[in-house]
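The structure under discussion appears below in the form of structure tokens.
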There are 2 protein chains.
Amino acid sequence: MILIAERINGMFKDVKQAIAEKDKQVIQELAKKQTEAGAAYLDVNVGTAAADQEGTMQWLVETIQETCSTPLCLDSQKPDVIAAGLKVVNAQNGLILNSAPLNKKADEEILDKYVEMAAQAGPKASIIALTMDKNGVPQDIDTRVAIAAEIVSKATEIGFDARRLFIDPIILPVRVPNAQVQPGNILAAIDQIGYLADPAPHITIGLSNLSQGATERSLINRIFLAMAVSRGLDSAIVDVLDEKLINIVATAEMLMNKQIYSDSFLKVYTAGK
Amino acid sequence: MILIAERINGMFKDVKQAIAEKDKQVIQELAKKQTEAGAAYLDVNVGTAAADQEGTMQWLVETIQETCSTPLCLDSQKPDVIAAGLKVVNAQNGLILNSAPLNKKADEEILDKYVEMAAQAGPKASIIALTMDKNGVPQDIDTRVAIAAEIVSKATEIGFDARRLFIDPIILPVRVPNAQVQPGNILAAIDQIGYLADPAPHITIGLSNLSQGATERSLINRIFLAMAVSRGLDSAIVDVLDEKLINIVATAEMLMNKQIYSDSFLKVYTAGK
């Protein structure tokens, strides 16, 4: 499981304050702790508060890179903010650009832009592609899978390997009733996206979004994560500092035979990260 | 989810001792506690220690029925022990005969015997049918699904509704490596068994068997249960006194849209049992 650590995000109070005060220590501590907990990538999101988003992205990237070499996941809906991060990021060990819809308007091929930036960043740069298009987030599963297919075909057409794509089927909060896009239906989408190419693209979700505003948040997140791993989900943006969540990932992968059972399978999993 | 409570089983020390000493209170306490915890059925298994298995089954059934009217699940591989229980059991609210393989020898149609006993016990009596036959437990998934298909077709041929069948795909301990019958493959079997008839048979598993001899037993049981519910598992023989396990069932069913989300969904689930 490719775990993308979610905590370096200006939406969290401590990070927001650290950005405002240019307090490197808070950011570097989070980078180290998340790396030790098993993060394959550290998500970097400036949040909405920073006036100079491009400068803030660069400051965050440089601050993290001073202290650890864990691959980063530059997280912004604005290509200019991603581009700013790209100027200073070290993509040698890996990089993800997070995230692009297929397109935003009929005449704006936003996916192409992200694919191009990733291609220029080097052979280890990937992108997270959202199953949404100019009409927004689809209100049904079939359209999501259709958009995922279009993303895969567009990327591979221009020579961008499907294995460098992380398709995100966009999970909605369980608290908001939506008959078409229930969590169970997202599982079906994950199933199907796994068959879009061979070798298949990665599939990722922003897990915490599922339980937005709900009670029993961790229980909901954990149970859904277990279900999704059993359908082929191989990546997620999560709180890697939640040890119980990591144990669930380890157990789910062991049950799906991605790790052999041994009496110390939980430790073996964490040690392997 | 149809929860079958596993604790009244002579394999557990306290029950074994209660049987030996004809101590009704231990049995009746377990019956009441498991009913309050949400058991739809109480499994009744005399274990292997009792010399008079038929008499012990009758004593257990009568002892439980003195104190509560929760439907019972008579659990024995010996038709004579089941038959003894049937003489005293009240099947008005429901009953399960647990469990029959398709057959044991080429000339012994054991499933037929259980179906016949269930049919005679009344319209609310069901059976748990194991996906095994004269060759024992199949070492692959396809054979299990094929046996399940034969079970469904045999039962319905003689007028026994598929909805009165609980098909058990037989989960093996994760600790014992078996390339063909990994837990992940059992999930695929559950998926397929759901399509064998319309309306579909129930699907059940003896969950605890999965973690036999393993470390992290409850974690393993819980994660697999969540995955299996997402594939259509609608029954399980479990420790209903494990409150966390019940919360996981409630969360899994809510995520699969079998229960609408509300802030008190855990309480709503337990109250509905």
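A note on names: the letters A, B, ... follow the listed sequences, proteins ahead of strands, and every chain is numbered from 1. None of the values given here were measured: they were computed from a predicted structure.
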Would you compute the distance between atom [atom1] of [X] and atom [atom2] of [Y] and round it to the nearest 0.5 angstrom?
| X | Y | atom1 | atom2 | result |
| --- | --- | --- | --- | --- |
| B:R222 | A:R222 | CZ | CZ | 11.0 Å |
| B:M256 | A:L187 | CE | CG | 5.5 Å |
| A:E216 | B:M254 | CD | CE | 9.0 Å |

Report which part of B:N185 has an atom under 4.5 Å of a heavy atom belonging to chain A: side chain, backbone, both, or neither.
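The answer is neither part of B:N185.
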Can you tell which part of B:L266 gets under 4.5 Å to a heavy atom of chain A, answering side chain, backbone, both or neither?
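It is the side chain, since no backbone atom gets that close.
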More than 12 foreign heavy atoms under 6.0 Å from NZ of B:K258: is that the case here?
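Yes, enclosed.
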Chain B heavy atoms under 4.5 Å from A:L219: which part of the residue, side chain, backbone, both or neither?
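For A:L219, backbone and side chain are both near chain B.
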Can you tell which part of A:L210 gets under 4.5 Å to a heavy atom of chain B, answering side chain, backbone, both or neither?
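The side chain, not the backbone.
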Flag side-chain contact, heavy atom, 4.5 Å: A:R231 against B:S230
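In short, these two side chains touch, coming nearer than 4.5 Å.
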Given B:I220 and A:Y261, is the side-chain contact (heavy atoms from CB on, under 4.5 Å) satisfied, shown in steps?
CA-CA 11 Å; B:I220 292 172; A:Y261 173 85; 4.2 Å; yes
Heavy-atom pairs under 4.5 Å with chain B: which of A:A214, A:S262, A:G213 has the most?
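Max contact count across the listed options: A:A214.
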Qualifying residue, where the test is side chain to side chain contact (heavy atoms under 4.5 Å, CB included) with B:V174 and the options are A:N257, A:T251, A:I260, A:L255
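Per the side chain to side chain contact (heavy atoms under 4.5 Å, CB included) rule, the option paired with B:V174 is A:L255, out of A:N257, A:T251, A:I260, A:L255.
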Main chain of A:D263, side chain of B:T215: is a donor-acceptor contact present, judged purely on distance under 3.5 Å?
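Side chain of B:T215 to backbone of A:D263, a donor-acceptor pair under 3.5 Å: yes, one is there.
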